[in-house]
Amino acid sequence: MSTHRPTLILVYEPEKACFDRLISDGYPPQRAIEISSYLAQSTDIARDFAALATACEARGIAFAPVALDDAAAVLEKADTESTLVWTLSDGVAYFRGGAAPALARLEGLRTIGADDALFALCQDKFRSGAVLGALGLPAPQAGLARDGKWLVEPPVSAAGWFVKPNRLGAKIGIWPDSRSHDLGHALELSRRVFAAYRDDVVVQPYVAGRNVRASFLGLAPQTGTEALGIAFVDSGGDFQTMADSMALYGETGEAAKAAGLYAEPELVAVADLQPGADARIRAIAERLINGLGLRDVFSIDLRVEADDTVHLIEFEVCPGLPCFDFRAYCRQQWGLELADAMAEAARNRLFS
């Protein structure tokens, strides 16, 4: 039996570390700011470290936040029986968080969240979309373009198309004109994305409906889809842009607050307005858990039409834990603030 104290290690990639690496790779400062803003939850979660340490201490656990660049050395020395690794941020392209669960597996350490294969898959929208389609899930088909040239032709769509970077999240590279009514404009958007971020774009048929976020944190390992928090996310527009996202999180979000420009989208429970759509989303989540391997903590982005038609847009293995919507989910579903919810989930795994 291990004599080490049970410990939760939270691995996170700081915005500045990513920014510095992008600058050294030749990205202009403004583009590096935009790309590294994906890691704003690492900036925001730091304000919760004291609360996390207190919540863990109350449950007999040590709490150790570890920057990604230090993770290999720390995990190598961690005790396999008494350590739980929680990876805060993912990434295999611009970001490197996907290395953390792989390092944990290499060292024989327990983890919370999906396995490292899904950390890589979810960061590639084209590949993950193909897998979702193979599972029979209602994900829009997609074309793929690189710098104005088709790698895969997009499906025909009478409603037009939606264009977004393939390997970037947090609405990076999504602009007010990212809904395209002709494929020539879609290719022009691919040139713009490639010039700014060196990324491909996925080009999907535009789907109508309201934006929905399904959030999940299983306080116990056996927790099922009954614990999903499913809410419409209404921001006043048809879709959120990069500017909208950057005004909510991290240092750019703090600047928006200082300027009086901060406004959180409204959250409305889907079950209150469209119980049929809520049931369909829970069935989709069940399929993702059983067929894809999502577990412990994740989120799903969807579009829901008035007739309860549901479109699965993407999934996240590292949802934005310190974001307003996930904090609201922890309070509504579990009656806990974020730090206590995280500590309780860790305790239930360390002592199971």
Side-chain angles (χ1 to χ4, degrees), residues 1-2 4-12 45 48 52-53 55-66 71 75 78-90 97-98 100-122 135 213-230 281-300 315-322 326-327 329-352:
M1 182 175 180
S2 173
H4 292 79
R5 187 180 185 192
T7 300
L8 169 63
I9 294 178
L10 183 71
V11 181
Y12 64 98
I45 197 73
D48 292 273
L52 277 162
C56 285
E57 183 68 32
R59 293 165 174 81
I61 303 169
F63 172 66
V66 176
L75 297 185
D79 179 68
T80 57
E81 294 183 33
S82 61
T83 302
L84 180 69
V85 179
W86 192 326
T87 302
L88 184 72
S89 50
D90 57 14
L103 286 170
R105 182 163 62 89
L106 184 66
E107 300 297 340
L109 301 169
R110 285 181 288 174
T111 61
I112 189 166
D115 66 43
D116 45 290
L118 287 189
F119 273 71
L121 181 65
C122 80
L135 286 170
R213 168 68 55 84
S215 301
F216 181 85
L217 174 61
L219 256 61
Q222 65 270 24
T223 304
T225 57
E226 72 282 352
L228 273 174
I230 306 172
I281 291 169
R282 292 182 193 277
I284 288 170
E286 188 73 29
R287 182 67 169 150
L288 288 169
I289 291 169
N290 294 329
L292 194 64
L294 291 187
R295 65 171 187 249
D296 299 333
V297 57
F298 58 83
S299 66
I300 311 168
F315 66 92
E316 292 288 345
V317 295
C318 288
L321 300 185
F326 204 88
R327 291 181 187 276
Y329 162 71
C330 290
R331 287 191 292 267
Q332 292 165 8
Q333 176 63 38
W334 299 116
L336 297 171
E337 294 301 322
L338 176 65
D340 282 296
M342 292 176 67
E344 187 67 14
R347 186 196 74 82
N348 289 336
R349 286 158 177 80
L350 282 164
F351 295 123
S352 63

Between [X] and [Y], is any pair of side-chain heavy atoms under 4.5 Å apart?
X: W86; Y: L8; value: yes
X: V297; Y: P319; value: yes
X: P65; Y: Y12; value: yes
X: F216; Y: T223; value: yes
X: L292; Y: L121; value: yes

Would you name the heavy atoms of [X] and [Y] that are closest together and state the gap between them?
X: L75; Y: E107; value: O-CG, 3.7 Å
X: T87; Y: G97; value: CG2-O, 3.6 Å
X: G60; Y: F351; value: O-CZ, 4.0 Å
X: R5; Y: I61; value: NH2-O, 3.8 Å
X: C330; Y: L338; value: SG-CD1, 4.1 Å
X: F119; Y: A114; value: CE1-O, 3.3 Å

Is the closest basic N to carboxylate O distance between [X] and [Y] below 4.0 Å?
X: D340; Y: R59; value: yes
X: E57; Y: R347; value: no
X: D296; Y: R349; value: yes
X: D116; Y: R105; value: yes
X: R327; Y: E337; value: no

* V85 and V66: side-chain contact (heavy atoms from CB on, under 4.5 Å), yes or no, with the steps? -> CA-CA 10 Å; V85 179; V66 176; over 6 Å; no
Any donor-acceptor pair under 3.5 Å linking the side chain of [X] with the backbone of [Y]?
X: T83; Y: T80; result: no
X: Y329; Y: W334; result: no
X: E226; Y: G224; result: yes

Nearest-0.5 Å distance that lies between atom [atom1] in [X] and atom [atom2] in [Y]:
X: I45; Y: L52; atom1: CD1; atom2: CG; result: 5.5 Å
X: I230; Y: I281; atom1: CD1; atom2: CD1; result: 5.0 Å
X: L88; Y: C318; atom1: CG; atom2: SG; result: 6.5 Å
X: L321; Y: D48; atom1: CG; atom2: CG; result: 9.5 Å
X: L219; Y: L336; atom1: CG; atom2: CG; result: 6.5 Å
X: S89; Y: L10; atom1: OG; atom2: CG; result: 8.5 Å

* Checking side-chain contact (heavy atoms from CB on, under 4.5 Å) for the pair T111/L84: CA distance, chi angles, key distance, verdict? -> CA-CA 5 Å; T111 61; L84 180 69; 5.5 Å; no
* CA sep, side-chain torsions, deciding dist, call: I289, R295, side-chain contact (heavy atoms from CB on, under 4.5 Å) -> CA-CA 6 Å; I289 291 169; R295 65 171 187 249; 5.7 Å; no
* To do: Please step through side-chain contact (heavy atoms from CB on, under 4.5 Å) for the pair V317 and F298, ending with a clear verdict.
  => CA-CA 5 Å; V317 295; F298 58 83; 5.6 Å; no
